[in-house]
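In this text, all values refer to a predicted model and were calculated from it rather than measured experimentally.
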Amino acid sequence: AIAAFEIRRAQIGWVEPDCGDWTKTPWKLRDNYYPGDIGFDPLGLKPTNAKDVANMQTKELQNGRLAMIGWAGMCAQELVNHRTIFGTIDFYQKVYGGVNPYEGCADGVIC
């Protein structure tokens, strides 16, 4: 499925190779193609002017970067306390519920 989408993107974005002269067309983008814009906007959310499009792209990049920082934080938390995210949630629910989360654990064992 991914290959089909990539082939379609290549057909939209790149100039067809010229079999007569291979030096002119390899790796050449179409003049009216903007990288990443393949015309898929079923809800009509894409802005019409270039400044708003650039602003939207910046917001999407910032959102992706924030998501990566959040993911890194979750991985770091698992490495530090040796519990999964859901295990940590369960642990703190016990703590805030007044239950000893270490009850039934042997000494030195994280449970």
Side-chain angles (χ1 to χ4, degrees):
I2 293 174
F5 288 118
E6 287 298 319
I7 289 170
R8 181 67 183 140
R9 185 177 61 89
Q11 290 172 339
I12 292 171
W14 278 268
V15 174
E16 289 83 6
D18 181 10
C19 294
D21 187 5
W22 283 92
T23 60
K24 292 183 181 179
T25 57
W27 321 119
K28 185 172 182 192
L29 292 175
R30 295 182 191 275
D31 293 333
N32 62 349
Y33 175 69
Y34 188 81
D37 184 13
I38 57 171
F40 182 77
D41 188 21
L43 299 177
L45 299 175
K46 181 181 172 191
T48 55
N49 62 11
K51 184 178 178 183
D52 288 342
V53 169
N55 189 21
M56 180 189 242
Q57 288 174 334
T58 300
K59 288 178 183 179
E60 288 183 17
L61 283 172
Q62 297 300 332
N63 186 33
R65 290 173 180 151
L66 184 62
M68 287 187 277
I69 291 170
W71 177 83
M74 289 188 290
C75 290
Q77 174 264 314
E78 288 186 2
L79 290 170
V80 168
N81 71 0
H82 305 288
R83 288 187 177 86
T84 65
I85 297 297
F86 296 113
T88 302
I89 292 171
D90 183 49
F91 176 82
Y92 282 110
Q93 283 176 342
K94 289 178 183 177
V95 168
Y96 294 130
V99 177
N100 181 4
Y102 298 110
E103 188 177 342
C105 295
D107 289 335
V109 176
I110 297 175
C111 60

Worksheet item: What distance separates R9 CZ from E6 CD, expressed to the nearest 0.5 Å?
Response: 4.0 Å

Fill in: Reported CG-to-CZ distance for the pair N63 and R65, which is rounded to 0.5 angstrom
11.0 Å

Worksheet item: Going hydrophobic residue to hydrophobic residue with side-chain gaps under 4.5 angstrom, can you get from I38 over to Y34?
Response: no

Worksheet item: So which heavy atom on Q77 is nearest to which on T84, and how close?
Response: NE2-O, 4.3 Å

Practice prompt. Kindly work out whether a path of hydrophobic side-chain contacts (I/L/V/M/F/W/Y, heavy atoms less than 4.5 Å apart) joins M74 to I89.
Written response: yes

Fill in: Donor-acceptor pair, side chain of R30 and main chain of W14, under 3.5 angstrom
yes

Worksheet item: How many angstroms lie between atom CZ of R83 and atom OH of Y92, to the nearest 0.5 angstrom?
Response: 8.0 Å

Worksheet item: Are I7 and L29 grouped together when hydrophobic residues (ILVMFWY) are joined by side-chain heavy atoms under 4.5 angstrom apart?
Response: no

Discussion item. In this structure, would Y96 and Y102 fall into the same cluster of hydrophobic residues linked by side-chain contacts under 4.5 Å?
Written reply: yes

Practice prompt. Establish whether F40 and Y33 are linked, either directly or via other cluster members, by ILVMFWY side-chain heavy-atom contacts under 4.5 Å.
Written response: yes

Worksheet item: Which salt bridge (charged side-chain N to carboxylate O under 4.0 Å, His left out) pairs, counting each pair once, include a residue from residues 31-55, with sequence neighbours left out?
Response: D37-K46

